[in-house]
Amino acid sequence: MTNADVAQVFNEIAVLLEIKGEDAFRVNSYRRVARTINDLTADIHDVAARGELGDLPGVGPGSAEKIHELLGTGRVSLREQLLSEVPDSLLRLLAVPTIGPKRAAVLWKECGITSMDELKAALAAGKLATVKGFGPKTLIQMERGIEFLERSAGRTRLGMGWKVSTLLGGAVLAMKGVERAEFAGSLRRGCETVGDLDLLCATEDPEQVVRQFLKLQHVTEVLSASTTKGLVIVDYEPIGTLRVDLRVVPAASFGAAWLWNTGSREHVTRLRARAAERGWSLGETGLTAGGRVIASQTEEEIYAALDLPWIPPELREDRGEFDVRVVPRDLLTLKHIRGDLHVHTTASDGRNTVAEMVEAALGRGYEYMCVTEHSQSSAIAGGLKEALLIGHMLDVRALAKRTEGIRVWIGTEVDILADGTLDYPDELLAQLDFVVASVHSGMGSDSEANTRRTLAAIRNPYVNCIGHPTGRLINEREAMALDLEAICKEAARTGTALEINANNFRLDLKDEHARLARAHHVPLVISTDAHAVDQFDQIQFGVLTARRAWLRRGDVLNTRAAKDVRAFVAAKRAAQG
DNA sequence: GCCGTTTTCGGCCCGACTGTTTTCAGTCG
């Protein structure tokens with residue numbers, strides 16, 4: 001049982017108590033415990049074994065006892081008792097926008113609704129229109145929200161797919177007789193979500209490899225199997241559950257199989273048409289002419305036979321990648337990234353100190369890092385009041401002075417308020433090294449209002465980058481309505497960058513939007529928005545997204561040297577300040 | 001439920017937005 005598992009149980013207890021209508025402060029104390037454990041760097045088992053649970057902030061005798069019970073027995077009696085009173089299917093309804101614990105309780109107690117299907121039926125029948133607290137606008141938001149949830153169901157975020165594929169790939173490579181194992185499909189193309197994982201294996205003994213695969217430790221269900229294929233469900237708790245499709249192919253046709261299974265369908269269709277023009281045929285086993293194999297062993301050979309350079313997987317979407325005159329040869333890579341310009345620490349809602357984040361950035365070989373805490377309006381995220389930011393600035397500057405090997409800058413992730421003004425005065429922003437401005441609230445407005453708001457921030461001489469510009473959360477919240485064309489034009493005109501937030505929950509801007517920005521010559525910044533040292537790794541998802549947007553090194557600000565980033569900031573201030 | 005004292009219980013919590021219940025409750029980040 002991991003720290004995250006324990007935290008999850010406490011969060012669940014909090015929600016159940018809330019639905020029951022228990023005292024809000026008591027509810028909050030369980031949330032506090034969950035947060036503390038989730039943020040803990042030590043293993044909760046070790047803390048418990050040392051008898052030090054009570055030393056954790058927010059953990060008193062009651063919670064300590066429950067943690068011991070959970071670690072010892074895998075259960076908490078309070079949770080079991082609550083689940084006997086409150087139907088657990090009710091918890092799923094909380095994912096619907098506008099439904100929190102209070103409305104969930106009303107649905108359950110007054111309408112007898114405890115599941116998503118019942119809720120949908122009641123909405124369709126217009127039964128909720130008369131219920132107190134469920135006005136027409138709320139009902140519309142509810143219906144739209146359910147639609148969105150259903151649309152994103154079954155798709156797994158890239159980050160989770162990546163974790164599982166790394167673990168699973170390692171296990172498969174370690175199997176006897178496996179010469180090569182690679183992932184294909186949307187994961188290889190770096191899509192923001194993946195359906196199944198497509199795994200390809202080269203071996204001389206397919207049957208044996210399939211047999212071993214079906215028996216792998218994390219396989220919980222075999223959906224189908226043959227001598228060369230296996231379709232299974234793997235469960236890597238707590239990362240998640242995924243369907244994995246294994247295909248075993250001979251090494252001689254590995255390239256063809258890899259190409260075929262990487263897709264996209266549209267890309268492969270175009271390739272097949274290209275082969276047909278030459279009187280050939282392209283299939284899963286190779287490029288052939290009347291049964292004679294022209295190319296099959298590597299992707300490069302197949303593309304070359306079709307008079308094409310090898311096309312990187314991230315580009316294989318039939319978005320113009322066959323036009324060799326316009327496809328960039330020098331796509332951005334992870335190695336080009338020289339620093340992170342959007343990082344949180346314990347000074348606001350991060351989990352690691354400035355020193356720890358700097359150490360981690362240094363370990364990645366970064367040349368610079370900018371600390372950007374939340375601003376005062378983001379109270380729950382520990383946003384800093386003006387005086388606190390000034391104190392923090394002095395601290396970070398002092399640390400920067402005694403740190404070698406990396407430049408440490410102080411900035412902010414300042415809130416863009418509803419009217420487009422910023423959460424700090426210009427005089428304060430002017431003292432900072434780099435300013436990210438982001439929208440965190442009131443995203444439900446119309447496109448005109450949202451756009452006006454963001455444009456106003458872009459025009460501020462001290463704003464250098466717009467953070468997660470559309471505010472979407474993959475599978476959870478739609479992007480806000482925004483005129484990105486207008487945003488891009490103004491960003492380009494004023495020398496303001498747009499962020500590709502690399503966190504796999506966001507990937508915002510998304511690939512097409514980043515491509516639009518590039519077309520308008522807007523500089524992009526790829527940032528992790530890291531709240532802990534391990535989140536610096538998220539940068540890889542930002543780079544994948546950037547590649548899908550056809551970005552090259554020159555399109556991305558944080559591939560430039562530190563002095564050039566400073567010059568970028570100085571240029572905007574000089575032009576408008 | 002936790003905390004911090006005023007050592008025995010009162011205060012904790014975060015503010016904005018939204019829609020609706022028309023004076024505020026519920027949701028959300």
Side-chain angles (χ1 to χ4, degrees), chain A residues 9-11 13-37 53-67 69 76-79 82 93-107 110 128-145 344 348-350 373-385 388 413-421 423 438-446 449-450 453 467-468 470-473 476-478 480 501 503 505-506 508 529 531:
Chain A
V9 169
F10 275 80
N11 265 327
I13 291 173
V15 172
L16 290 165
L17 288 170
E18 216 169 10
I19 290 175
K20 275 193 70 187
E22 292 282 334
D23 173 52
F25 293 114
R26 188 177 166 221
V27 171
N28 196 43
S29 70
Y30 284 96
R31 289 237 160 80
R32 174 100 201 276
V33 172
R35 206 162 49 237
T36 296
I37 295 172
L53 288 175
D55 297 342
L56 300 175
V59 180
S63 299
E65 195 191 322
K66 291 182 183 73
I67 295 169
E69 186 190 356
V76 179
S77 42
L78 172 62
R79 175 167 169 270
L82 288 167
L93 299 187
L94 297 174
V96 177
T98 74
I99 298 185
K102 295 281 162 46
R103 288 206 178 99
V106 171
L107 288 171
E110 294 180 23
L128 298 180
T130 53
V131 181
K132 197 174 163 190
F134 291 72
K137 289 190 178 174
T138 303
L139 293 180
I140 288 170
Q141 276 191 58
M142 228 178 253
E143 277 173 336
R144 282 197 193 142
H344 297 270
S348 64
D349 61 346
E373 314 292 1
H374 289 286
S375 61
Q376 46 198 347
S377 280
S378 284
I380 200 154
L384 304 181
K385 302 272 182 209
L388 279 173
E413 181 184 14
V414 64
D415 261 55
I416 303 173
L417 304 175
D419 61 357
T421 59
D423 201 21
S438 309
V439 170
H440 285 114
S441 59
M443 287 180 259
S445 308
D446 59 21
N450 290 335
R453 188 178 175 187
H468 43 75
T470 75
R472 73 160 178 172
L473 290 175
E476 285 176 22
R477 183 176 67 205
E478 293 215 67
M480 65 178 154
N501 191 295
N503 188 295
F505 282 82
R506 291 192 181 272
D508 180 11
D529 197 356
H531 284 66

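Chain letters run A, B, ... following the sequence lines, proteins first and then strands; every chain starts at 1.
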Quote, to the nearest angstrom, the [atom1] distance that separates [N] from [M].
N: B/dT20; M: B/dC24; atom1: C1'; result: 9 Å
N: B/dT21; M: B/dG26; atom1: P; result: 12 Å
N: B/dT8; M: B/dC13; atom1: P; result: 23 Å
N: B/dC14; M: B/dC3; atom1: P; result: 16 Å
N: B/dA16; M: B/dG11; atom1: C1'; result: 24 Å
N: B/dT22; M: B/dC12; atom1: P; result: 30 Å
N: B/dG15; M: B/dG10; atom1: P; result: 24 Å

A/F25 stacking on B/dC12: centroids under 5.5 Å, ring planes under 30°?
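Yes; centroid distance and tilt both under limits.
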In whole angstrom, what separates [X]'s [atom1] from [N]'s [atom2]?
X: A/K20; N: B/dG1; atom1: NZ; atom2: C1'; value: 15 Å
X: A/R32; N: B/dC3; atom1: CZ; atom2: P; value: 7 Å
X: A/L53; N: B/dC2; atom1: CG; atom2: P; value: 11 Å
X: A/R35; N: B/dC2; atom1: CZ; atom2: C1'; value: 13 Å
X: A/L107; N: B/dG26; atom1: CG; atom2: P; value: 13 Å
X: A/D23; N: B/dC13; atom1: CG; atom2: P; value: 14 Å
X: A/R144; N: B/dT18; atom1: CZ; atom2: C1'; value: 15 Å
X: A/D349; N: B/dC14; atom1: CG; atom2: P; value: 13 Å

Touch class at under 4.0 angstrom, heavy-atom based, for [X] against every strand present:
X: A/A418; value: sugar-phosphate
X: A/G62; value: sugar-phosphate
X: A/V27; value: nothing
X: A/Q141; value: sugar-phosphate

So which atom in [X] and which in [Y] form the shortest heavy-atom distance, rounded to 0.1 Å?
X: A/V131; Y: A/V106; value: CG1-CG1, 3.8 Å
X: A/V33; Y: A/S63; value: CG2-OG, 3.4 Å
X: A/H374; Y: A/S348; value: N-OG, 3.6 Å
X: A/A14; Y: A/R31; value: CB-CG, 3.8 Å

Looking at A/Q141 and A/P97, would you say the former's side chain and the latter's main chain have a donor-acceptor pair under 3.5 Å?
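It does not hold such a pair.
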Please check this pair: side chain of A/R472 against backbone of A/R506, looking for a donor-acceptor N/O pair closer than 3.5 Å.
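Yes.
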Mate of B/dT8 where both pairing distances stay under 3.5 Å, Watson-Crick or G-U
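Its partner: none found.
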Between CG of A/L16 and NZ of A/K20, what distance do you get to the nearest 0.5 Å?
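Output value for this atom pair is 9.5 Å.
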Within the sub-3.5 Å range, which N or O atoms of nucleotides 27-29 of chain B have a protein N or O partner, and how far apart are they?
from: B/dT27; atom 1: OP1; to: A/G100; atom 2: N; distance (Å): 2.7
from: B/dT27; atom 1: OP1; to: A/G100; atom 2: O; distance (Å): 3.2
from: B/dT27; atom 1: OP1; to: A/R103; atom 2: N; distance (Å): 2.9
from: B/dT27; atom 1: OP2; to: A/K102; atom 2: N; distance (Å): 3.3
from: B/dC28; atom 1: OP1; to: A/T98; atom 2: N; distance (Å): 2.7
from: B/dG29; atom 1: OP1; to: A/R477; atom 2: NH1; distance (Å): 2.9
from: B/dG29; atom 1: O5'; to: A/R477; atom 2: NH1; distance (Å): 3.3

Report the nucleotide, chosen from B/dT18, B/dT21, B/dC2, that has the shortest atom-to-atom distance to any side-chain atom of A/K132.
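Of the options given, the side chain of A/K132 lies nearest B/dT21.
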Which one, B/dC13, B/dG1, B/dC17, comes nearest to the side chain of A/Y30?
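Closest nucleotide among those given: B/dG1.
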Quick one: do A/D415 and A/S377 satisfy side-chain hydrogen bond (donor to acceptor under 3.5 Å, both in side chains)? Show the steps, please.
CA-CA 7 Å; A/D415 261 55; A/S377 280; 5.4 Å; no
Most 5' of A/G60 and A/K137 on DNA chain B, judged by nearest nucleotide:
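Nearest nucleotide further toward 5': that of A/G60.
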Which residues satisfy the side-chain hydrogen bond (donor to acceptor under 3.5 Å, both in side chains) test with A/T36, sequence neighbours excluded?
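Once residues adjacent in sequence are excluded, A/T36 has no partner under the side-chain hydrogen bond (donor to acceptor under 3.5 Å, both in side chains) criterion.
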